[in-house]
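These notes concern the structure reproduced below.
Numbered from 1 within each chain, the chains take letters A, B, ... in sequence-line order.
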There are 2 protein chains.
Amino acid sequence: MAEKTKLWYLQNFNMFDGMSPKMMMELAENTSMQNNSKKEIIYFPEDASNTIYFLKAGKIKIYRLSEDGKTTTLQLLGPGEIFGESAILGQDTHDNIAEVVEDAIVCAMDKRDFQDLMEKSPNLTMSVNKFIGWRLRKIQAHVEDLVFKNASQRITSFLHRYVETFGKKMVDGWMVRPFLTHQEIADLTATARQTVNQVLNELAEQDVIKFSRRFLQLKGELDQLES
Amino acid sequence: MAEKTKLWYLQNFNMFDGMSPKMMMELAENTSMQNNSKKEIIYFPEDASNTIYFLKAGKIKIYRLSEDGKTTTLQLLGPGEIFGESAILGQDTHDNIAEVVEDAIVCAMDKRDFQDLMEKSPNLTMSVNKFIGWRLRKIQAHVEDLVFKNASQRITSFLHRYVETFGKKMVDGWMVRPFLTHQEIADLTATARQTVNQVLNELAEQDVIKFSRRFLQLKGELDQLES
DNA sequence: GTAGGACTGTCATATTGCTGACATGTTGGT
DNA sequence: ACCAACATGTCAGCAATATGACAGTCCTAC
């Protein structure tokens, strides 16, 4: 792929705000681009973490399996997000599974190259710190939700975040497409598939949302999904 | 306090391994030392996070309160741990409460000073990254526990970690002192006080542990507390 | 050394939400 | 256009664990 195109892609990442054009070129040179389609696994636990990934398009989920086959999804990532960060946090293997949820374009970079870049640019280092801080905050909030909220509150507040992150504002509410399967939502909220189904249908009955496999529509303001 | 003494204290932190003596002196100069006794609060949510803390002695818990007065403890920290790290992760307020569990000696450092130091020492920056990565891993494991394990497994595996972190190996097992209250364990494991009581007594009946308010004794190997 | 507060022990009861089972609906590949 | 695989909808029953109540015990600050 032409360096110019890569450059253009990379400019979508906040993390690289304020970096010199020269640095950006260097970044682009060291980046390889890949397309991954739905259900592809990008890494497994125990895989060597030599690479850091930038998600340009699509959605990726970061999740774990229990010994008896249950699943819990730690994060659902969209365009502009970074993953595989354990590579630059001093771990040599991954702990989680990274799987493509919606066909994705991913930029991959060797961790050494990225670390070299960080040494040259304190700016970048600070951005990385901020990014990690933000991750840490998000996962702490996740813990808080798990402990303090009940199943339907967790589902509702997940929908809130989902719409906020991935939705488009319309004249009379919000629209997200495509939607997720009930099982995917269950894995994200530590609930059972059947519970998700029930809560979703209740919300539809109360005329707060409308949904199908293809879309989720929120009628009115985001704070209707407050819990 | 004499700079020498501070220096000596600071050398207990892994994070500063490999730093030049000159750098260490600079670190010591910018650090202030404080004693905090049980139940003192070091910071609240919304407090400005201008300071990063190094825990030299004692125990600190990092926790959150829900609106209806429930508590969940995110971390229990002992000597050698860092807290208030949101200061250097680009946040200007804290999200959690930091409270002294056992009388503590804390080194405090202005975040600017620490950031200056980081800019001068790529070594330190890497250590910080590692430390944050480790935090991230610990909290992900916490989420996994919450989702996959039941109450008594969570309590048992907490005891495992507690003994491992804070205990002393004896001829025929492990000893930790002092112990925690049942409520504190409940807050750490997202369970009810009564459940902790029950599990603890069951383990004592099975002769795996022995405990009182003053100590926890594990009879035999750590993996007896596997779940 | 005592009183008040904090912590522990034990029970009975309530409830949330998971499990399994099964029918119905939807989709995409050949 | 069909069929297999996947996803949704619904329900009854059950298990885990929280809650509330209260008695007994220990601790510590006067």
**Message:** Ignoring hydrogens and geometry beyond distance, is a side-chain donor-acceptor pair present between B:Asn201 and B:Glu205 at under 3.5 Å?
**Reply:** no
**Atom-to-atom span, CZ of A:Phe211 to P of D:dA7 - whole angstrom** = 15 Å
**Gap between atoms CZ and P, on A:Phe179 and C:dT26 respectively (whole Å)** = 16 Å
**Complete:** B:Gln183 atom CD is separated from C:dG9 atom C1', nearest whole Å, by 14 Å
**A:Asn201 side chain near D:dT10 phosphate (N/O to OP1/OP2, under 4.0 Å)** = yes
**Request:** Please check the phosphate of C:dG9 (OP1 and OP2 only) for any side-chain N or O of B:Asn197 closer than 4.0 Å.
**Result:** yes
**Prompt:** Cut-off 3.5 Å, side chains only: do A:Thr195 and A:Gln198 have a donor facing an acceptor?
**Reply:** no
**Request:** Rounded to the nearest angstrom, tell me the gap between atom CD in A:Gln198 and atom C1' in D:dC11.
**Result:** 10 Å
**Prompt:** Between B:Gln140 and A:Asn96, do the side chains contain an N or O donor and an N or O acceptor separated by less than 3.5 Å?
**Reply:** yes
**Asked** C:dT16 P sits how many Å from A:Leu146 CG, rounded?
**Response** 18 Å
**Fill in**
Once base and sugar-phosphate atoms are separated, protein heavy atoms under 4.0 Å mark nucleotides 16-27 of chain D, 5' to 3', with B, S and - as -SSBBB----SS
**Request:** Measure the spacing between CG of B:Leu188 and OG1 of B:Thr71 and express it to the nearest 0.5 Å.
**Result:** 10.5 Å
**Prompt:** Rounding to a whole Å, what distance do you find between A:Lys38:NZ and D:dC6:P?
**Reply:** 12 Å
**Asked** How close or far is atom C1' of C:dT16 from atom CD1 of A:Ile155, stated in whole angstroms?
**Response** 13 Å
**Asked** Roughly, in whole Å, what's the span from CZ in B:Phe215 to P in C:dC7?
**Response** 18 Å
**Side-chain N,O (A:His182) to OP1/OP2 (D:dT8) below 4.0 Å** = yes
**Request:** Give a yes/no verdict on a cation-pi contact between A:Lys130 and A:Trp134, requiring under 6.0 Å between NZ or CZ and the six-membered ring centre and an angle within 45° of the axis.
**Result:** no
**Asked** When A:Glu102 is tested against each of A:Lys59, A:Lys38, A:Lys61 for salt bridge (charged side-chain N to carboxylate O under 4.0 Å, His left out), which residue passes?
**Response** A:Lys59
**Request:** Decide side chain to side chain contact (heavy atoms under 4.5 Å, CB included) for B:Trp174 and B:Leu225; before the verdict, give the C-alpha distance in whole Å, the side-chain angles of both, and the deciding distance to 0.1 Å.
**Result:** CA-CA 12 Å; B:Trp174 297 73; B:Leu225 290 177; over 6 Å; no
